[in-house]
> 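I have a structure I would like to understand better, so I am pasting it below and will then ask my questions one at a time.
First listed ligand is number 1; within each ligand, the first listed atom is number 1.
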Amino acid sequence: MGFSDYRTALVTGASSGIGAATVRRLSAEGLEVYAVARDAARLSALSAETGCRPCAVDISDLNALAALAKSAEFDVLVNNAGQSRRGNILDTTAEDVDALIDVNLRAVLHLTRLIVPGMARRDRGHVVNISSIAGHYAFGGGNTVYHATKAGIHSLSQQLRVDLYGTRVRVTEISPARVETEVFGRLLGDLAEAKRRFFDDYDALQPEDIANSIAFAVGSPARMNVAFMEVLPTQQVVGGLNFAQKSRPPAE
Ligand SMILES: NC(=O)c1ccc[n+]([C@@H]2O[C@H](COP(=O)([O-])OP(=O)(O)OC[C@H]3O[C@@H](n4cnc5c(N)ncnc54)[C@H](OP(=O)(O)O)[C@@H]3O)[C@@H](O)[C@H]2O)c1
């Protein structure tokens with residue numbers, strides 16, 4: 001299996017960043033791509049550029065997901081849409097917990113249960129889940145709920161491969177480190193500030209790097225399942241250990 005065996009793809013989070021780059025790449029490979037995000041205007045511009053089918057949908061809306069899943073027999077499902085939030089569990093709101101679980105995890109599980117059984121019946125398909133290094137490592141500055149949802153993506157990707165054992169449906173998890181997208185701008189509510197703080201002085205990955213990683217997995221021969229890829233900027237590493245000193249007794 002490779003691109004020539006697949007005809008259709010559904011990509012979530014398609015209005016910007018990794019998702020938009022993936023729509024461009026998969027469309028260029030000849031797939032009919034259904035591009036999903038909330039921002040209809042951006043999807044319409046992407047459609048004019050690539051020929052993709054724009055689907056303005058909030059993926060936390062289960063009815064909308066069910067309708068979307070019925071719109072075609074999808075060969076490729078790229079679960080990419082995601083959000084993050086500032087702070088950690090010590091200052092996270094109830095809304096933050098619910099929104100991150102709804103978008104980053106719940107929607108992925110629903111789309112998987114709605115679309116993958118058809119792939120299994122047809123004995124053809126490829127699921128690509130975008131997790132994050134946050135799902136695999138603990139580090140300062142990360143949002144606890146975001147880390148937990150991305151760990152969930154890792155776990156469901158592992159188990160999905162077991163569920164699909166015996167079929168020719170492949171499951172790929174791609175775990176990126178820092179990619180220059182709007183994710184940090186959305187977090188701060190200020191794209192220019194995010195660019196200054198997270199990208200101007202760092203050689204981050206570009207969205208195309210992850211789109212190309214997805215294309216490598218999807219375009220691989222049928223015998224080959226790229227199960228997991230961790231993709232980091234060359235100048236970024238994961239590691240480090242913190243050890244707080246014992247507190248000294250207060251002076252008398
Ligand atoms: N950038 C990084 O450094 C990095 C690192 C590791 C993992 N990731 C992961 O990569 C994925 C893509 O993010 P990105 O970096 O490309 O960021 P991005 O540019 O902010 O893209 C996020 C996409 O998700 C869509 N989205 C958010 N909430 C949605 C909702 N409720 N319904 C439908 N679509 C929704 C957004 O579109 P609308 O606003 O139009 O809905 C947008 O298209 C995410 O899962 C993220 O966690 C990113």
> List every atom of ligand 1 that sits less than 4.0 Å from any heavy atom of Phe184, numbering the atoms from 1 in the order shown and giving each element.
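Listed by number with element: 3 (O).
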
> Can an N or O of Ile18 be found at a distance shorter than 3.5 Å from an N or O of ligand 1?
yes

> Could you check whether Ser15 and Asp39, counting side-chain N and O atoms only, form a donor-acceptor pair closer than 3.5 Å?
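No, no side-chain donor-acceptor contact under 3.5 Å.
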
> Using a 6.0 Å distance limit plus a 45 degree cone around the ring axis, check whether Arg178 lies over the aromatic ring of Phe184.
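Judged by the rule, Arg178 and Phe184 form a cation-pi pair.
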
> Which distance, rounded to the nearest 0.5 Å, do you find between the CG of Asp96 and the OG of Ser84?
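These two atoms lie 9.0 Å from each other.
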
> With a cut-off of 4.0 Å, which atoms of ligand 1 are near a heavy atom of Val57?
32 (N), 33 (C)

> If we count only N and O atoms by modelled type, under 3.5 Å, do the side chains of His126 and Thr172 hold a donor and an acceptor together?
yes

> CE of Met119 to CZ of Arg168: how many Å apart, nearest 0.5 Å?
13.5 Å

> Using a 3.5 Å distance criterion without hydrogens, assess whether the side chain of Thr22 forms a donor-acceptor pair with backbone atoms of Ile18.
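Yes, the answer is positive, given that a donor and an acceptor are paired below the 3.5 Å cut-off.
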
> Quick one: does Ser131 get within less than 4.0 Å of ligand 1, heavy atoms only?
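Yes, Ser131 has a heavy atom closer than 4.0 Å to ligand 1.
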
> Just let me know how Ala20 lines up against ligand 1, side chain, backbone, both or neither, with a heavy-atom cut-off below 4.0 Å.
neither

> Do Thr234 and Asp203 pass the side chain to side chain contact (heavy atoms under 4.5 Å, CB included) test, and can you show the C-alpha distance, the side-chain angles, and the key distance before you say yes or no?
CA-CA 8 Å; Thr234 305; Asp203 207 0; over 6 Å; no

> Taking the side chain as every heavy atom from C-beta outward, state whether Arg161 and Ser157 have any pair of such atoms under 4.5 Å apart.
yes

> Is there a path of hydrophobic side-chain contacts, each under 4.5 Å between heavy atoms, that joins Leu191 and Val183?
no

> Please step through salt bridge (Lys or Arg N to Asp or Glu O under 4.0 Å) for the pair Glu32 and Arg53, ending with a clear verdict.
CA-CA 8 Å; Glu32 181 175 24; Arg53 285 178 179 249; 2.6 Å; yes

> Can you confirm, on distance only, whether ligand 1 has an N/O atom lying under 3.5 Å from any N/O atom belonging to Thr181?
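Checking ligand 1 against Thr181, an N or O pair does fall under 3.5 Å apart.
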
> Under 4.0 Å from ligand 1, counting heavy atoms only, is it the side chain of Val103, its backbone, both or neither?
side chain

> Which ligand 1 atoms are under 4.0 Å away from a heavy-atom of Arg178?
3 (O)

> Under 3.5 Å between any N/O of Pro176 and any N/O of ligand 1: does that happen in this structure?
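For ligand 1, there is no N or O atom that lies under 3.5 Å from one belonging to Pro176.
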
> Which of these, Leu43, Ile59, Val23, Leu65, sits in a side chain to side chain contact (heavy atoms under 4.5 Å, CB included) with Val36?
Ile59

> Touching ligand 1 at all, Glu180? Heavy atoms, strictly under 4.0 Å?
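It does not; every heavy atom stays at 4.0 Å or beyond.
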
> Please determine whether any non-hydrogen atom of Ala177 lies less than 4.0 Å from an atom of ligand 1.
yes

> For Val179 and ligand 1, does the shortest N/O to N/O distance drop below 3.5 Å?
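Val179 vs ligand 1: N/O contact under 3.5 Å present.
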
> May I ask you to identify, for Arg42, whether its side chain, its backbone, both or neither come under 4.0 Å of ligand 1 on a heavy-atom basis?
neither

> Would you indicate which of Arg38, Arg186, Gln236, Glu182 comes nearest to atom 42 (C) of ligand 1 when only heavy atoms are counted?
Arg186

> Among all protein heavy atoms, pick the one closest to atom 22 (C) of ligand 1 and tell me residue, atom and distance.
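Protein heavy atom with the smallest distance to atom 22 (C) of ligand 1: Gly82 O, 3.8 Å.
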
> Please list, in number order, the atoms of ligand 1 under 4.0 Å from a heavy atom of Asp58.
30 (C), 31 (N), 32 (N)

> Which atoms of ligand 1 have any heavy atom of Asp39 under 4.0 Å away?
40 (O)

> Side chain, backbone, both or neither: which applies to Gln83 and ligand 1 if a contact is any heavy-atom pair less than 4.0 Å apart?
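The answer is the side chain of Gln83.
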
> Please state which option from Pro233, Ala211, Ser16 has its nearest heavy atom closest to atom 18 (P) of ligand 1.
Ser16

> How close does the nearest protein non-hydrogen atom get to atom 34 (N) of ligand 1, and which residue and atom is it?
Ala37 CA, 3.7 Å

> Quick one: which ligand 1 atoms are inside 4.0 Å of a heavy atom on Gly17?
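The atoms of ligand 1 under 4.0 Å from a heavy atom of Gly17 are 16 (O), 19 (O).
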
> Heavy-atom distance to atom 37 (O) of ligand 1: which of Ser15, Ala14, Ser84, Ala81 wins?
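It is Ser15 that holds the nearest heavy atom.
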
> When you compare the side chain of Leu100 with that of Asn143, does any pair of heavy atoms fall below 4.5 Å?
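With C-beta onward as the side chain, the pair touches.
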
> List the steps and the verdict of side chain to side chain contact (heavy atoms under 4.5 Å, CB included) for Lys150 and His154.
CA-CA 6 Å; Lys150 292 300 185 177; His154 173 63; over 6 Å; no

> Check this for me - ligand 1, Gly13, N or O atoms closer than 3.5 angstrom, yes or no?
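Yes, there is a polar N/O contact under 3.5 Å.
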
